[in-house]
Enquirer: 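The structure under discussion is supplied below as structure tokens; questions concerning it will follow.
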Amino acid sequence: MCEDEQHVQHGSDHGVGRRALFVTGAAALTLGSVSFPGRAAGAAGASETRTVRGTLPTGAPDFVYLPVDVPSGVREIKVAYTYERPSVPAGTAGNALDIGIFDQRGTELGGKGFRGWSGGARTEFFIRADDATPGYLPGPVREGTWYIALGPYTVAPQGLPYEVTVTLTYGEPGEAVRPVYPPSRARGRGRAWYRGDCHLHSWYSDGRRTPAEIAALARAAGLDFINTSEHNTHAAHAHWADQAGPHPDGELLILLGEEVTTRNGHVLALGTDPGTFVDWRYRARDNRFGKYARRIRQAGGLVVPAHPHATCIGCNWKFGFGEADAVEVWNGAYGPDDEVSLADWDSMLVASVRDRGGRDWIPAMGNSDAHRDPDPVGTPQTVVLADELSREAIQEGIRAGRSYVAESKAVSLSFSATGPKGEHAGIGGRLRVDRDDPVTVRLEVSGAPRCTVRLVTDQGVLHTSPVLPVSGSGTVEWRTTAQYAAYVRAEVRHEAAAGPLPGALAAFTNPVFLGR
């Protein structure tokens, strides 16, 4: 079990006392409470400090809660922590300890007590009515039991010794801040193709860029919209309003969301209502994801599993795709895990046409997941056909699959299928023709020098074009029937480095479905 001791620092008083441990469930552990006598409550600016030390063993629960009994009259709560990082053998996980906090309203899943999370990105944080550390929510520090949440992400064989120091500062609470959010609509170009990056991190989680820096990079990348997606916190929502609206480089639509970072995979809550918090404290075996997927949709957002085949610990998606509105197939610089995600997504397309005639399929998208320099914003980017540049219109385009993914603003695609009587369908659409009717598939591409176009169907790759010229522009046509190809999608790939392996993607489209 955990060893837990309390070191009291208050004036000239010093002492050490052992605390009891309480198990609250298989995935959580609650330590004994940290108490403050409140002797400094009447002195504005005075403070009291407590330090707790303990050791988490291997096999520790996902979350360890340290209750803190907060007296009345507290202006600010500050928490700092450290933990040991012993050397471990190659291939063995070392220590990594995340941190966050819940207020007097408690730690109930999906409850109202959440006040912030910084994961492993920060060693200390503070909360008061008028301000808070990025990743945390400002607001009054009310009397009651608060809970510091420790998340042992990985624990070394030697265990994870930690130390948590809590400081309460007394005084008047200060004036609470009133959040201001970005508008849900920006001035666009009417019905048009809009470029966006829906997976980005600022200093409100584990990124290193400010919202202003991200917005500037987004405009430089030719983006029309972005989605905020901090790990397990919505604290950034109120800090983006200044980056939206009129600008010399064009208006930027800023959607608000969260990257819900569970121990069994990550999911983007894309374009939720301002101030929406989505809980992350569950695993696939807990059978709770459906509840929180519904929470995302009830808040007006889309459910988008992120980097489903990423190799980092806890990143691989294990909840299935039954609740997904779209799936992030391409994440950041194209690599082997993206190739696996693309193949897995294509298999889901095959299943959809086999079982439901393509009427129930999951569109794909791509995002940068940029955190810090030199991570490029907008590599890749999802290009969406929408009626206007608004939250609802962009989401509707993503949900319908009227989109393609490009490595940069330089790449543009036009992809369609045409029937014998002039019937026409574009990306994400259905060309309603008989099984034997001739169909012409056409791709126009620009910005892809020395790339090759592959047309992929439920039967596999059925057409590969010659290499595009150095100008990067070209047109590819292919004729087929609905009997031969239930859907067709396009891949634009760079020249392969060696052998028969396909080159990295420059762009790909969602499919056009063929048949009645």
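Excluded from the calculations below are hydrogen atoms, water molecules and symmetry mates; all remaining heavy atoms, backbone and side chain alike, are included.
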Enquirer: Is the positively charged end of Arg263 above the ring of Phe63, judged by distance under 6.0 angstrom from the centroid and angle within 45° of the axis?
Expert: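 Judged by the rule, Arg263 and Phe63 form a cation-pi pair.
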
Enquirer: Is the shortest side-chain N to carboxylate O distance from Arg185 to Glu388 below 4.0 Å?
Expert: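 So Arg185 pairs with Glu388 through a salt bridge.
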
Enquirer: For Tyr334 and Glu339, what are the C-alpha separation, side-chain angles and deciding distance, and is it a side-chain hydrogen bond (donor to acceptor under 3.5 Å, both in side chains)?
Expert: CA-CA 8 Å; Tyr334 196 79; Glu339 191 70 39; 2.8 Å; yes

Enquirer: Is there a side-chain contact between Leu468 and Thr452, using heavy atoms and a 4.5 Å cut-off?
Expert: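 When only atoms from C-beta onward are counted, Thr452 and Leu468 do not touch, as no gap falls below 4.5 Å.
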
Enquirer: Ring centroid separation for Trp345 and Phe508, is it under 6.0 angstrom?
Expert: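 Yes, the ring of Trp345 comes within the 6.0 Å limit of the ring of Phe508, centre to centre.
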
Enquirer: CG/Leu160 to CG/Leu150 distance, rounded to the nearest 0.5 angstrom?
Expert: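 If we round to the nearest 0.5 Å, Leu160:CG and Leu150:CG are 9.0 Å apart.
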
Enquirer: Is any side-chain heavy atom of Trp203 closer than 4.5 Å to a side-chain heavy atom of Arg122?
Expert: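 Of all side-chain heavy-atom pairs linking Arg122 with Trp203, at least one is under 4.5 Å.
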
Enquirer: Keeping Thr272 on the side-chain end and Gly301 on the backbone end, is there a donor-acceptor pair under 3.5 Å?
Expert: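 No.
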
Enquirer: Between CG of Leu505 and CG of Asp338, what distance do you get to the nearest 0.5 Å?
Expert: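 Between atom CG of Leu505 and atom CG of Asp338 there are 8.0 Å.
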
Enquirer: As a quick check of understanding, evaluate side-chain hydrogen bond (donor to acceptor under 3.5 Å, both in side chains) for His234 and Glu258, giving each step before the final call.
Expert: CA-CA 6 Å; His234 59 295; Glu258 179 185 334; 5.3 Å; no

Enquirer: Checking side chain to side chain donor-acceptor pair (under 3.5 Å) between His309 and each of Asp344, Asp337, Asn331, which is the one that passes?
Expert: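 Checked Asp344, Asp337, Asn331 against His309; only one passes side chain to side chain donor-acceptor pair (under 3.5 Å): Asp344.
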
Enquirer: For residues Arg479 and Val439, determine if any side-chain heavy atom of one lies less than 4.5 Å from a side-chain heavy atom of the other.
Expert: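 Answer no - side chains too far apart.
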
Enquirer: So Phe289 and Phe319, would you call those rings parallel, tilted or perpendicular, with 30° and 60° as cut-offs?
Expert: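 Tilted.
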
Enquirer: May I ask you to check whether Trp280 and Tyr282 place their ring centres under 6.0 Å from each other?
Expert: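 Not under 6.0 Å, so no.
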
Enquirer: Applying side-chain hydrogen bond (donor to acceptor under 3.5 Å, both in side chains) to His199 and Ser229, what does each step give before you reach the verdict?
Expert: CA-CA 6 Å; His199 191 165; Ser229 55; 4.6 Å; no

Enquirer: Take Arg283 and Asp62 through the salt bridge (Lys or Arg N to Asp or Glu O under 4.0 Å) test and state the conclusion after the steps.
Expert: CA-CA 10 Å; Arg283 289 179 179 255; Asp62 289 346; 2.8 Å; yes

Enquirer: Could you please spell out the steps behind the side chain to side chain contact (heavy atoms under 4.5 Å, CB included) verdict for Tyr181 and His237?
Expert: CA-CA 6 Å; Tyr181 302 112; His237 287 192; 3.7 Å; yes

Enquirer: Is any side-chain heavy atom of Val384 less than 4.5 Å from a side-chain heavy atom of Phe225?
Expert: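 Of all side-chain heavy-atom pairs linking Phe225 with Val384, at least one is under 4.5 Å.
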
Enquirer: Between Arg195 and Ser412, is a side-chain hydrogen bond (donor to acceptor under 3.5 Å, both in side chains) present by the stated rule, with each step listed?
Expert: CA-CA 10 Å; Arg195 295 175 179 265; Ser412 293; 3.0 Å; yes

Enquirer: Counting only N and O atoms by type, is there a donor-acceptor contact under 3.5 Å from the side chain of Glu495 to the main-chain atoms of Cys451?
Expert: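 Judged by distance alone, no pair lies under 3.5 Å.
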
Enquirer: Looking at the rings of Tyr404 and Trp193, which for Trp means the six-membered one, are their centres under 6.0 Å apart?
Expert: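 Judged by ring-centre distance (under 6.0 Å), Tyr404 and Trp193 do meet the cut-off.
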
Enquirer: Check this for me: does any side-chain nitrogen of one of Arg209 and Asp375 sit under 4.0 Å from a carboxylate oxygen of the other?
Expert: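 Looking at Asp375 together with Arg209, the answer is no, because their closest N to O distance does not fall below 4.0 Å.
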
Enquirer: Please determine whether a side-chain nitrogen of the Lys or Arg among Arg354 and Asp458 lies less than 4.0 Å from a carboxylate oxygen of the Asp or Glu.
Expert: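 No.
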
Enquirer: With side chain to side chain contact (heavy atoms under 4.5 Å, CB included) as the criterion, how do Leu302 and Ile296 come out once you've worked through the C-alpha distance, each side chain's angles and the decisive distance to 0.1 Å?
Expert: CA-CA 7 Å; Leu302 301 183; Ile296 293 171; 5.9 Å; no

Enquirer: Would you check if the side chain of Ser403 reaches a backbone N or O of Val383 as a donor-acceptor pair within less than 3.5 Å?
Expert: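 Absent.
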
Enquirer: Give a yes or no on whether the ring-centroid distance for Trp117 and Phe102 is below 6.0 angstrom.
Expert: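 Ring centres of Phe102 and Trp117 not closer than 6.0 Å.
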
Enquirer: With distance as the sole test, does Asn232 use its side chain to make a donor-acceptor pair with the main-chain N or O of Val260 at under 3.5 Å?
Expert: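 A pair under 3.5 Å: no.
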
